[in-house]
Amino acid sequence: MTSFPDPTDLTLEEKVSLTSGASFWYTEAVERLGVPAIMLTDGPHGVRKQRAGADHLGIGDSEPATCFPPAVALGCSWDRDLVERIGAALGAEAADRDVAVLLGPGVNIKRTPLCGRTFEYFSEDPVVSGVLGAAMVSGIQSRGVGASVKHFAANNQETDRMRVSADIDPRPLREMYLRAFAHIVREAQPWTVMCSYNRINGVYAAQDPWLLTTVLREEWGYDGVVVSDWGAVDDRAASLAAGLDLAMPGPTHAGDAAVLAALEAGTVDERRVDEAAGRLLRMIDRAQHAAADPVDADAHHALAREAAGRSIVLLRNDGGLLPLRRETAIAVIGTFAVEPRYQGGGSSKINPTRLDTALDEIRSLATGPVTFDPGDRVDDAAAVASAADVAVVFLGLPDAAESEGYDRDDIDLPADQLALLDAVVTANPRTVVVLSNGGVVSLPFADTVPAVLEGWLLGQAGGGAVADVLFGVVNPSAKLTETIPRRLQDTPAHLGFPGEHGHVRYGEGLFVGYRWYDARDLDVAFPFGHGLSYTTFDYRDASAAVDDAGDVTVRVSVTNTGTAAGREVVQVYTGLPISAVARPPRECKAFASVPLDPGETREVVLTVRREDLAYWDIRVDRWVVEAGVYTVDVAASSRDIRTSVTVDVDGDDVRVPLTRMSSIGEVMAHPVAGPALAQAMAAAMPDLSGAGGIMPEGVDIARMLGAIPIGRAGMFAAAGGADVDPALIDALLDDADASKD
Ligand code: BGC
């Protein structure tokens with residue numbers, strides 16, 4: 001068997017040609033050597049293979065493919081096995097259509113609910129996004145098809161997305177915006193990572209050597225292909241030099257010429273071209289071995305229905321209005337029941353193999369009368385509602401409200417829909433609301449309408465899934481992966497979005513999503529992690545212990561205390577109340593989706609990885625686990641903590657060299673210099689030591705002195721009549737430094 005060509009078989013021009021696309025969706029072939037072109041296409045929740053034409057905005061027609069629930073919905077399952085199964089089905093459909101790389105999953109953090117593309121992303125939390133994103137990649141790649149984790153990085157808004165600079169401090173950048181990518185790269189080795197359009201701290205992601213080489217390659221060990229977002233590359237030579245391997249789309253003959261000129265001029269190293277071409281050849285080779293199993297469209301539709309059922313969040317169910325009995329007389333109201341909104345706009349838009357409507361599916365499960373009114377004349381809707389036992393009202397955002405390419409202006413449902421709901425509830429208080437929206441909407445009726453289902457965008461089988469949940473064929477088990485706020489004004493990025501003059505400053509720092517609402521103690525409509533069931537769960541006997549690997553093992557017994565079989569999403573949040581750095585009160589670090597029959601108890605074991613306890617220490621530019629007693633909250637939502645324990649975690653050794661600018665407090669904290677300085681100070685200023693350091697004037701002298709740089713201490717001591725030899729300070733610092741060894 002002859003081996004696949006490697007870069008040494010190619011001419012320089014051939015190698016350069018591989019580093020950009022041949023067309024909108026294909027890589028370049030090297031026919032002379034039998035290297036075929038391969039196809040990359042969207043993604044993320046279906047295969048969008050265009051039949052003719054080429055666009056990345058979801059405009060042109062594409063081959064029918066299963067439209068699975070977009071990430072906004074699927075993420076709410078919190079179930080990595082389910083997400084992996086969806087990934088495998090996507091991989092199979094891609095392989096079946098000769099697609100080598102599927103452009104997904106999208107794992108950007110939902111910084112603001114206004115982002116037009118939040119429907120393509122999993123969560124406001126990086127651990128949830130990372131774990132589910134890795135599951136999706138593993139599933140897709142299990143079929144010999146590559147995934148493309150996108151958009152790397154900090155692509156958290158659509159406004160000005162091709163130019164804006166996301167200006168982010170190092171801690172939130174690492175802890176919130178890069179964390180999910182790091183997890184996926186390490187756990188699932190995606191074939192490709194797609195860099196984003198935007199700039200980060202002033203530098204285009206597609207041209208950023210720090211992002212594409214220092215972080216992605218050197219720190220995380222990534223050895224796959226970095227592909228640009230479509231049209232993200234401004235300067236081919238600069239992108240290649242920074243670590244980008246494949247500029248899409250193509251052809252860009254001028255770009256190839258620019259790279260060749262840069263090679264000639266020595267501003268791009270030929271080894272970089274070899275490296276990029278080598279990675280592309282490896283990927284093209286791998287793509288020749290995709291699974292070729294035929295796709296069963298019916299089975300995939302059934303899987304899409306199962307996944308949609310697992311994605312619907314039961315937000316409220318007062319008085320057990322749901323599930324409905326099959327014989328109940330039901331008034332179905334609203335056009336979304338017959339013309340479903342099931343996906344968002346833009347490059348992810350799938351041409352579904354079929355499309356369920358909720359009205360048909362309700363009718364096929366019901367044994368009682370089901371009436372329908374589109375809700376466009378309210379009087380009519382109210383009359384239909386009052387004649388039924390229960391009204392089920394479908395509300396949501398219109399298609400044009402949320403899409404790739406632009407953001408929303410508000411989080412309100414259209415006023416005519418709210419008026420419709422008012423009229424229906426007045427006519428029949430036994431009303432259930434079913435929502436269709438890709439980004440959260442404010443719910444002014446959250447405290448008054450007895451039952452609310454957040455249906456998100458559920459993919460092509462969503463209609464059936466809604467019927468399943470309404471009648472209890474499926475017991476809802478999904479939970480929110482993003483907070484539903486009371487008002488837009490309460491949201492973390494409200495004053496820092498969408499930026500101005502090409503810059504958006506992430507001023508809320510680490511306090512994104514529930515981290516913000518919890519730190520500010522703000523009331524929310526429904527908290528992160530919330531979701532009800534038709535049964536109830538009891539949590540007992542939680543424990544947490546550090547294992548040999550340094551991870552924290554959390555155990556808890558969960559019992560289904562109701563009468564229906566169901567699943568509970570158990571969440572673990574950690575916090576460190578006494579910390580040297582700013583921290584949210586609690587952060588989700590582990591979760592599990594647990595199936596339980598009525599009366600059944602299971603011991604659930606969850607692992608909080610030590611690396612997920614770490615914060616990014618800007619003094620030493622690395623991850624550091626701070627020592628301390630961590631709280632471990634085992635919870636049914638971020639605001640429904642069922643049981644709390646603590647665990648004592650050893651910290652990482654961080655030695656920050658002492659200098660003349662180190663504060664007296666920092667020197668005091670040093671194991672060698674601290675005692676020596678304390679002794680010297682007690683001798684030099686004996687009258688400061690009594691009364692617990694509190695001066696007669698009520699001044700805490702230790703705290704006051706603690707903030708003074710040691711190099712300037714002599715100045716103050718001299719003013720007080722003491723004489724401090726600067727050489728003594730240098731000696732003290734040298735001793736501290738030497739003590740490291
Ligand atoms: C989107 C990507 C997509 C690409 C190709 C871009 O507009 O940002 O997510 O994969 O187009 O369609």
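Below, each value reflects all heavy atoms present in this structure, side chains not excepted, and no hydrogens, waters or symmetry copies. We count ligands from 1, going down the list as the structure has it; atoms in each ligand are counted the same way.
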Which atoms of ligand 1 sit under 4.0 Å from any heavy atom of [X]?
X      : answer
Leu103 : 10 (O)
His151 : 2 (C), 8 (O), 9 (O)
Met194 : 10 (O)
Arg161 : 7 (O), 8 (O)

Stepwise side chain to side chain contact (heavy atoms under 4.5 Å, CB included) test for Lys15 and Leu18: CA-CA 5 Å; Lys15 286 185 283 189; Leu18 277 181; 5.8 Å; no
Under 3.5 Å, N or O to N or O, is [X] touching ligand 1 that way?
X      : result
Glu404 : yes
Asp42  : yes
Trp25  : no

Derivation of the salt bridge (charged side-chain N to carboxylate O under 4.0 Å, His left out) call for Asp42 and Lys349: CA-CA 8 Å; Asp42 291 301; Lys349 198 159 190 174; over 6 Å; no
Does a side-chain N-to-carboxylate-O contact under 4.0 Å join Asp245 and Arg272? yes
Between Asp55 and Arg48, is there a salt bridge with N-O shorter than 4.0 Å? yes
Residue pair [X] / [Y], side-chain donor-acceptor N/O under 3.5 Å:
X      : Y      : result
Asn156 : Tyr506 : yes
His301 : Asp356 : yes
Gln157 : Thr112 : no

Mind checking whether Arg117 contacts ligand 1 via backbone (N, CA, C, O), side chain (CB onward), both or neither, at a 4.0 Å heavy-atom cut-off? side chain
Backbone, side chain, both or neither: what part of Lys150 comes under 4.0 angstrom of ligand 1, heavy atoms only? side chain
Is the shortest distance from a heavy atom of Met248 to ligand 1 less than 4.0 Å? no
Winner among Asp229, Val227, Leu40 once heavy atoms are compared against atom 4 (C) of ligand 1: Asp229
Using the rule given for side chain to side chain contact (heavy atoms under 4.5 Å, CB included), can you reason through Asn198 versus Arg161, listing the C-alpha separation, both sets of side-chain angles and the distance that settles it, and then say yes or no? CA-CA 5 Å; Asn198 52 283; Arg161 67 171 166 161; 5.7 Å; no
